[in-house]
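The chain is numbered in sequence order, starting from 1. The structure displayed is predicted, hence computed values, not measured ones.
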Amino acid sequence: METAAIYHRPESEFAYLYQPNDFRVRLRTKRGDVAAVNCFYGDPYASTTDDLTNNSGSSHWDYQTASMRIIATTEDFDYWEAALKLPFKRAQYDFEVIGKDDQKVLYGDRGVFPFSTEMIGTNGNPFRMPYLHEVDRFKEPDWVRHTVWYQIFPERFANGDKNNDQPGVKPWRSDLSPNRTDYYGGDLQGVLDHLDYLQELGVNGIYFCPIFKAYSNHKYDTIDYLEIDPDFGNKELFRQVVEAAHQRGIKVMLDAVFNHIGDRSVQWQDVIANGENSRFAKWFHINKFPVTYEATDNFENAKELTFDTFAFTPHMPKLNTANPEVKQYLLDVAAYWIKEFDIDAWRLDVANEVDHAFWRSFASTCRELKSDFYILGEVWHNSQTWLSGDQFSAVMNYAYTETLINGIVNHTLTPTRMVDGLNYQRTLYQRQVNEVMLNTLDSHDTARLLTVCDDDKVLMRQTLAFTFLQEGEPCVYYGDEIGMDGGNDPDCRKPMNWDEATQDRSLFKFYQQLIQLRLANADLLTQGEFTWDVVDDDRKIVQFTRAQGDKKLIAVFNLGDQPCQISVTGQTLLSQNCENGQLAAKGFAIWTD
């Protein structure tokens, strides 16, 4: 047995309070190396003798034994888990690890030792959970688990009021690729006018790209965080949008760009004018005065910058969120839109480049106003440092969905490697974190899903079906549901196609069915157990089961190019390329048992 692979870390994703009085412990071992794991646990003060002062443990420690089970396997490791009930809200625990070679070891806080029953709980070796404080438990907003998001790029969704159009707006053509600086006139009135459409589709969460006053069409270069951009309307109109959405059971999430501000903002203009004497000089990361840069042919890229920016974009100077004035200003902004307009969530742009201390204060500010407020960070990589309960609720789960895309669409991963990658992402976080992740297959920053699928709508449907059955919440990028395509930015930001004659209504109906299936089984698909039943690299078949209590949902996907025989034993909920027990290429079947 490879004892060097055995790993556990207290008070982390390896040891956490999942629900009240449901303490989860995990252990990592080398893949395929271990036959069984037992967790010995109990109250650190519990003894079969009268001596309750020997806190380092003794042979008389009164413990229980929990058999652990494998919950995930990755390329290198197996992950074991047990759920423990702790009546006194505290525990000490260690692990018996039994190798397939029959070697037995006891693993605890001091390391790995040859196993003997006399060693259990002794010599200060057990791990400790001193006390389970409910206030420390990661609490995901329950409503998020019952949400399917719809992302709107406001300038391109619908033009409901031509009176606020920029001069020279282009004709509303969804079949032509936009340039980076084009305007089409999309606004909040257009969103309000089409809320019935969103309700018909079945989504119940709107994720808006920025709507605050800004210079560009994308609005990520904020001028004023406390004003609606006049291209989109005004505050009263936004209030109507939120109220009308809420009446339809639709939540509203706004995009907060707090890493940087636009160079047309009052603050940055004052720095340009007054240099180091500006009252805002310390609001930014300025390395040398005056603030200058060398322009290039690319508007969004500069050289010889004397100040820090988002990427190398000279028009987005980076805010110093450690500065008390900046911090309070942005916290006031966060509170304002919650208190005044009752928004339900913030999506945080470039969240990984802002200091953790700021995000802790941000989270406290939001949750004091709304205890079930959802905070979503834009982080494209391992996000553990933001997801301990004191900062974000979740992140945009790009790492997860990229693995999925590479397995189902690009076929650069075998089914085994895809499943290993998905499992690895799951094991990075506490269970309740995975339940509220945002699983987006495309966005304003990436090529559209249909284009990624090389215009193959059958493959697109298969990818969507797989995604909608995962723990995190799916997000539909506007227009995907009626067959819009587009490459990387700016091509992915075409105006929404409102011409029903050229919309793919069959695809729209599929989205409706998938959303209905998701919402009808939301608890099962977020909190249910996940079991990979078949992962076959030869036949390219992946089958898994989601189970919760006596409720079960099973799905099988053919990721290869040859038909396969399958057995559907219950009521089919949704399928594709599946007939008489034959599952053709790009096919799937979802059924209840």
Side-chain angles (χ1 to χ4, degrees), residues 140-141 144 147 149-154 205-212 214 216 218-222 225 251-262 300 308-313 316-319 321 330 333-334 337 343-363 366 373-388 390-405 425 428-429 433-434 436-449 467 472-478 488-490 492-493:
E140 78 284 13
V144 178
T147 302
W149 292 99
Y150 188 87
Q151 184 188 358
I152 290 177
F153 192 81
I206 297 174
Y207 151 31
F208 281 106
C209 288
I211 61 172
F212 306 136
S216 65
H218 55 68
K219 311 302 179 188
Y220 282 96
D221 48 357
T222 313
Y225 295 98
K251 301 288 187 177
V252 175
M253 177 162 62
L254 292 186
D255 206 329
V257 190
F258 291 163
N259 174 69
H260 52 268
I261 199 169
E300 305 223 5
D308 294 348
T309 63
F310 167 64
F312 295 104
T313 306
M316 298 182 185
K318 184 176 176 66
L319 287 164
T321 47
L330 296 178
V333 168
W337 293 95
I343 66 167
D344 305 289
W346 280 113
R347 182 264 188 187
L348 308 172
D349 188 58
V350 201
N352 56 338
E353 296 184 22
V354 177
D355 66 271
H356 291 283
F358 174 80
W359 287 136
R360 291 187 182 97
S361 297
F362 178 89
C366 294
F373 198 81
Y374 182 55
I375 302 173
L376 176 71
E378 184 199 15
V379 184
W380 292 54
H381 49 81
N382 184 321
S383 307
Q384 287 174 311
T385 52
W386 292 274
L387 295 174
S388 298
D390 59 347
Q391 295 175 69
F392 306 162
S393 309
V395 297
M396 301 181 74
N397 208 6
Y398 282 112
Y400 188 87
T401 51
E402 282 174 358
T403 299
L404 186 154
I405 287 288
Q425 292 299 320
L428 292 176
Y429 310 112
V433 175
N434 289 324
V436 293
M437 287 289 211
L438 187 88
N439 292 338
T440 182
L441 292 167
D442 54 359
S443 73
H444 66 290
D445 284 326
T446 69
R448 284 186 176 272
L449 178 60
T467 305
E473 282 58 61
C475 182
V476 179
Y477 185 44
Y478 80 94
N488 290 323
D489 171 26
C492 56
R493 302 176 182 182

Please check: side-chain N/O of Glu378 versus main-chain N/O of Ala351, any donor-acceptor pairing under 3.5 Å?
no
Verify, without hydrogens or angle tests, whether Asp344 (side chain) and Val252 (backbone) share a donor-acceptor contact under 3.5 angstrom.
yes
Chi angles and distances behind the side-chain contact (heavy atoms from CB on, under 4.5 Å) call for Glu473, Val436:
CA-CA 6 Å; Glu473 282 58 61; Val436 293; 3.9 Å; yes
Hey, does [Y] have a side-chain heavy atom less than 4.5 Å from the side chain of [X]?
X: His444; Y: Tyr477; result: yes
X: Lys318; Y: Glu353; result: yes
X: Asp349; Y: His260; result: yes
X: Ile375; Y: Trp359; result: no
X: Leu330; Y: Leu319; result: yes
X: Ile405; Y: Leu441; result: yes
X: Cys492; Y: Phe153; result: no
X: Ile261; Y: Tyr225; result: yes

Between [X] and [Y], which heavy-atom pair has the shortest distance, and what is it?
X: Arg347; Y: Met253; answer: N-CG, 3.7 Å
X: Pro210; Y: Pro154; answer: O-CG, 4.1 Å
X: Thr309; Y: Thr313; answer: CB-O, 3.2 Å
X: Leu254; Y: Ile343; answer: CD1-CG2, 3.9 Å
X: Cys366; Y: Ala334; answer: SG-CB, 4.3 Å
X: Thr446; Y: Asn488; answer: C-OD1, 3.7 Å

According to the interplanar angle, ranging from 0 to 90°, do the rings of [X] and [Y] count as parallel (below 30°), tilted (30 to 60°) or perpendicular (above 60°)?
X: Tyr374; Y: Trp149; answer: parallel
X: Tyr398; Y: Trp380; answer: parallel
X: Trp386; Y: Phe392; answer: parallel

Do you see a donor-acceptor pair shorter than 3.5 Å between the side chains of Asp355 and Thr321?
yes
Between Asp255 and Tyr220, is any side-chain donor less than 3.5 angstrom from a side-chain acceptor?
yes
Roughly how far, to the nearest 0.5 Å, is the [atom2] atom of [Y] from the [atom1] atom of [X]?
X: Met316; Y: Asp221; atom1: CE; atom2: CG; answer: 5.0 Å
X: Asn434; Y: Glu140; atom1: CG; atom2: CD; answer: 10.5 Å
X: Gln151; Y: Thr440; atom1: CD; atom2: OG1; answer: 6.0 Å
X: Gln425; Y: Ser383; atom1: CD; atom2: OG; answer: 8.5 Å
X: Asn382; Y: Asn352; atom1: CG; atom2: CG; answer: 11.5 Å
X: Leu404; Y: Asn397; atom1: CG; atom2: CG; answer: 10.0 Å

Evaluate side-chain contact (heavy atoms from CB on, under 4.5 Å) for Ile206 paired with Lys251, printing each intermediate quantity in order.
CA-CA 6 Å; Ile206 297 174; Lys251 301 288 187 177; over 6 Å; no
Under the side-chain hydrogen bond (donor to acceptor under 3.5 Å, both in side chains) rule, collect the residues that match up with His218, sequence neighbours excluded.
Ser216
Begin from the C-alpha positions of Val257 and Phe310 and carry the test side-chain contact (heavy atoms from CB on, under 4.5 Å) through to its verdict.
CA-CA 11 Å; Val257 190; Phe310 167 64; over 6 Å; no
